[in-house]
Amino acid sequence: MATKKLIKGNVAICHGAIAARCDAFFGYPITPQNEIPEKMSELMPAHGREFLQAESEVAAINMVYGAACAGKRAMTSSSSPGISLKTEGLSYIAACELPCVIVNVQRGGPGLGNTLPGQADYFQAVKGGGHGDYRLITIAPWSVQECYEFMPLAFDLADRYRNPVMVLMDAIVGQMLEPVDLHENFEIHEYPKPWATNGARGRAHNIINSLWIKTEVMEGLNNRIQAKYAAARRHEVRYQEYRTDDADLVLVAYGSTARICRSVVDMARDEGIAVGLFRPISLYPFPEQQIADLAASGRRFLVAEMSAGQMVEDVRLAVNGSTDVYFHGRTGGAVPTPTEILNKVRAVFGKPPVVSHYGRTEG
Amino acid sequence: MEKVFGRPKGLTNVEFAYCAGCHHSIVHRIIAETMDELDIIHNTIGICPVGCAVFMYEYMSCDMIEAAHGRAPAVATGVKRVLPDRVVFTYQGDGDLASIGTAEIIHAAARGENISVIFINNTTYGMTGGQMAPTTLVGQKTTTCPAGRDPKVAGYPIRVCEMLATLDGPSYIERVCPTSPAGLAKTKKAIRKSFENQIEGKGFSLVEVLSNCPTQWKMNPIESFRWIDENMTKWFPPGVFVDR
Ligand SMILES: Cc1ncc(C[n+]2csc(CCOP(=O)(O)OP(=O)(O)O)c2C)c(N)n1
Ligand code: SF4
């Protein structure tokens with residue numbers, strides 16, 4: 001039954017979690033993601049699942065750790081400052097090779113920042129964030145439909161790789177209303193969890209631990225984790241391209257900024273400038289080969305982010321100096337306008353800026 | 001011949017790495033005996049702290065989880081909420097429970113979380129080398145208050161049982177002092193009761209064990225027992241604070 005519902009991205013996350021058979025949600029209020037714990041407090045008990053408002057983000061992620069140890073599907077959600085508090089727990093969860101899902105509805109930062117959209121937690125999400133060598137598999141929806149559909153994907157990736165998975169959003173994706181098809185065409189795999197600490201009935205006791213005093217054991221764990229990331233880099237790269245075939249310049253953006261860039265592509269094309277869009281969907285693993293291939297065929301890049309320049313570093317790494325990489329970023333909750341980005345595009349092609357409807361030159 | 005004393009099944013064969021005469025060993029044994037008596041080894045999940053008891057997961061034969069420093073009550077909450085028919089306990093030192101993990105223990109208690117908490121108060125950070133703890137007594141010397149704890153600088157020791165007893169959530173809170181045979185028997189009884197309460201679904205139980213740290217206190221075990229009796233019990237009087 002195809003039921004289209006007009007809901008916010010944050011609410012779609014909740015329906016997605018239910019569809020993914022999430023067993024437990026632990027969270028702490030913070031704007032702009034409050035719709036998630038609010039909706040979960042209603043949906044989870046209604047489906048016989050566990051919802052608990054924790055005393056802090058620190059407690060919430062450690063409750064997730066406990067529920068994941070018990071072999072259950074557990075998640076938490078937060079926004080930027082709250083995610084910082086969860087990073088200690090995430091390092092432990094990654095070290096213990098436990099599955100879980102974390103949703104970050106990014107806001108303006110640093111510090112307390114503001115509750116407006118931001119994408120400045122990119123480094124924190126894709127480079128690990130906490131201490132030690134670990135990564136979060138990170139996927140970034142750009143629509144409310146994807147908010148819904150990425151939750152079963154996130155839980156599946158988490159179970160398959162026994163690693164925390166982050167769904168990285170921003171205040172626009174979380175707050176915008178769009179019609180969503182709440183279909184249930186998901187294959188929910190049951191993963192055996194013989195490692196779970198759920199009572200040693202009929203087996204030797206299980207231990208979940210990240211303390212390894214001996215270097216060779218600790219290094220062995222690191223090697224095992226890195227091997228998983230290498231496998232993820234081979235199998236879990238996700239991206240979308242729009243009009244890149246004949247593009248001279250490829251815009252690279254994710255989340256709501258990618259939505260804006262898609263409009264810019266059409267605007268530029270109307271002016272006869274051959275621009276395309278490359279949207280990384282998996283931010284870790286990053287589609288580096290795909291970008292390297294585009295670079296090898298002579299394309300230049302313009303990266304747009306709501307940050308002072310974070311994902312652009314991964315694009316530069318992929319391009320490896322073979323072509324030009326330009327950047328346009330806004331911070332502090334500012335959202336780049338299509339005209340602003342179009343002016344960057346025009347500048348790359350030696351054209352003067354257009355004047356926006358507001359009568360001032362943006363950019 | 002009937003065997004009257006042996007290794008409880010709740011313990012693995014791994015030898016304790018604790019210093020001689022340390023209460024950690026005694027309390028581990030009591031927990032193991034309790035699991036044996038209640039026949040719950042296969043149904044129990046223990047959460048160990050960061051502190052000298054960090055390796056507890058090697059010693060207990062139930063399933064064990066190592067938590068981040070101070071977070072054991074939150075981890076236990078996560079386990080218990082998704083496996084309500086299992087027995088879940090935390091084992092925490094004073095640095096773990098009353099300093100870095102203060103928020104987690106207060107809120108687990110306030111929620112009446114149906115878990116058992118075994119709290120080892122030895123007035124110091126044993127594992128990191130004998131620094132000041134939240135329970136270090138006024139005037140007590142540690143490596144970070146070498147002249148003795150000065151309340152004008154470092155405030156006063158926290159009485160965890162009394163503090164948590166102000167909450168409506170806990171079902172059972174007791175402080176015990178295992179420095180005598182009678183005290184040991186009380187300790188055993190209290191720990192067993194904290195597990196029984198959980199099995200009966202009564203909610204949050206905490207047993208504070210006044211414990212020694214002969215190594216960091218620079219005493220032999222006998223002196224350390226005397227020091228508990230003469231100094232610790234004055235600030236931390238044993239007794240039942242909540243039982244409902
Ligand atoms: C986040 C964090 N901070 C600090 C430490 C270092 N640390 C390890 S054990 C410990 C104190 C343990 O003292 P206590 O809880 O009293 O237990 P004891 O060793 O006395 O049994 C500290 C501070 C740590 N492991 N993690
Ligand atoms: S350092 Fe202190 S608390 Fe730690 S094992 Fe030795 S005596 Fe026990």
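Per chain, numbering begins at 1; letters A, B, ... match sequence-line order. Values in this document were obtained by computation on a predicted structure and should not be read as measured data.
Only the side chain of B:Leu83 comes within contact range of chain A, judged by heavy atoms closer than 4.5 Å. With a 4.5 angstrom heavy-atom cutoff, A:Arg49 does not touch chain B via any of its atoms. Of the atoms belonging to A:Ala196, it is backbone heavy atoms, and not side-chain ones, that fall under 4.5 Å from chain B.
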CA sep, side-chain torsions, deciding dist, call: B:Met64, A:Ile208, side-chain contact (heavy atoms from CB on, under 4.5 Å): CA-CA 6 Å; B:Met64 294 294 293; A:Ile208 292 179; over 6 Å; no
Pair A:Ile207-B:Glu66, side-chain contact (heavy atoms from CB on, under 4.5 Å): steps then yes or no: CA-CA 8 Å; A:Ile207 297 170; B:Glu66 170 54 41; over 6 Å; no
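Pairing each heavy atom of A:Ala200 with each of B:His42, the nearest pair is O-ND1, 2.9 Å. Taking both residues in full, the closest heavy atoms of A:Gly66 and B:Val79 are given as O-CG2, 3.3 Å, listed atom of the first, atom of the second, then distance. Across A:Ala59 and B:Ala74, no two heavy atoms sit closer than the pair O-CB, 3.6 Å.
With values rounded to the nearest 0.5 angstrom, A:Thr197 atom OG1 is found 6.0 Å from B:Ile45 atom CD1. For the atom pair OH of A:Tyr65 and CZ of B:Arg71, the computed distance is 13.0 Å after rounding to the nearest 0.5 Å. To the nearest 0.5 Å, the span separating NE2 on A:His205 from OG on B:Ser61 amounts to 7.0 Å.
Between chain A and the residues B:Ala108, B:Cys48, B:Cys62, the most heavy-atom pairs under 4.5 angstrom are made by B:Cys62. Note: A:Ala67 leads A:Ala74, A:Gly202, A:Ala67 in heavy-atom pairs under 4.5 Å with chain B. Put simply, of B:His107, B:Arg81, B:Lys80, the one with the most heavy-atom pairs under 4.5 Å next to chain A is B:Arg81.
Looking at A:Leu211, A:Ile213, A:Asn209 one by one, the single match for side-chain contact (heavy atoms from CB on, under 4.5 Å) with B:Val54 turns out to be A:Leu211.
In the displayed structure, B:Lys189 atom NZ is contacted under 6.0 Å by at most 12 heavy atoms of other residues, nucleotides or ligands. No more than 12 heavy atoms of other residues, nucleotides or ligands lie within 6.0 Å of OH in A:Tyr28, so this atom counts as exposed by the packing criterion. Counting heavy-atom neighbours within 6.0 Å of A:Gln226 CD, excluding the residue itself, gives a total above 12. B:Glu200 CD: more than 12 foreign heavy atoms inside a 6.0 Å radius. The local environment of CG in B:Asp39 is sparse, with at most 12 non-hydrogen atoms from other residues, nucleotides or ligands closer than 6.0 Å. Sparse packing is recorded around CD of A:Glu190, with 12 or fewer heavy atoms of other residues, nucleotides or ligands lying under 6.0 Å away. Residue A:Phe123 qualifies as enclosed at atom CZ: its count of foreign heavy atoms under 6.0 Å is above 12.
For the pair B:Asn43 and A:Arg201, the minimum side-chain heavy-atom distance is below 4.5 Å. Residues B:Arg111 and A:Leu52 are in side-chain contact: their nearest non-hydrogen atoms beyond the backbone lie under 4.5 Å apart. A heavy-atom distance below 4.5 Å is found between the side chains of A:Glu55 and B:Glu104.
Between A:Arg203 and B:Asp63 there is a salt bridge, since a side-chain N of the basic residue sits under 4.0 Å from a carboxylate O of the acidic one.
The backbone N or O of A:Asn198 lies less than 3.5 Å from a partner atom in the side chain of B:Arg86, making a donor-acceptor pair.
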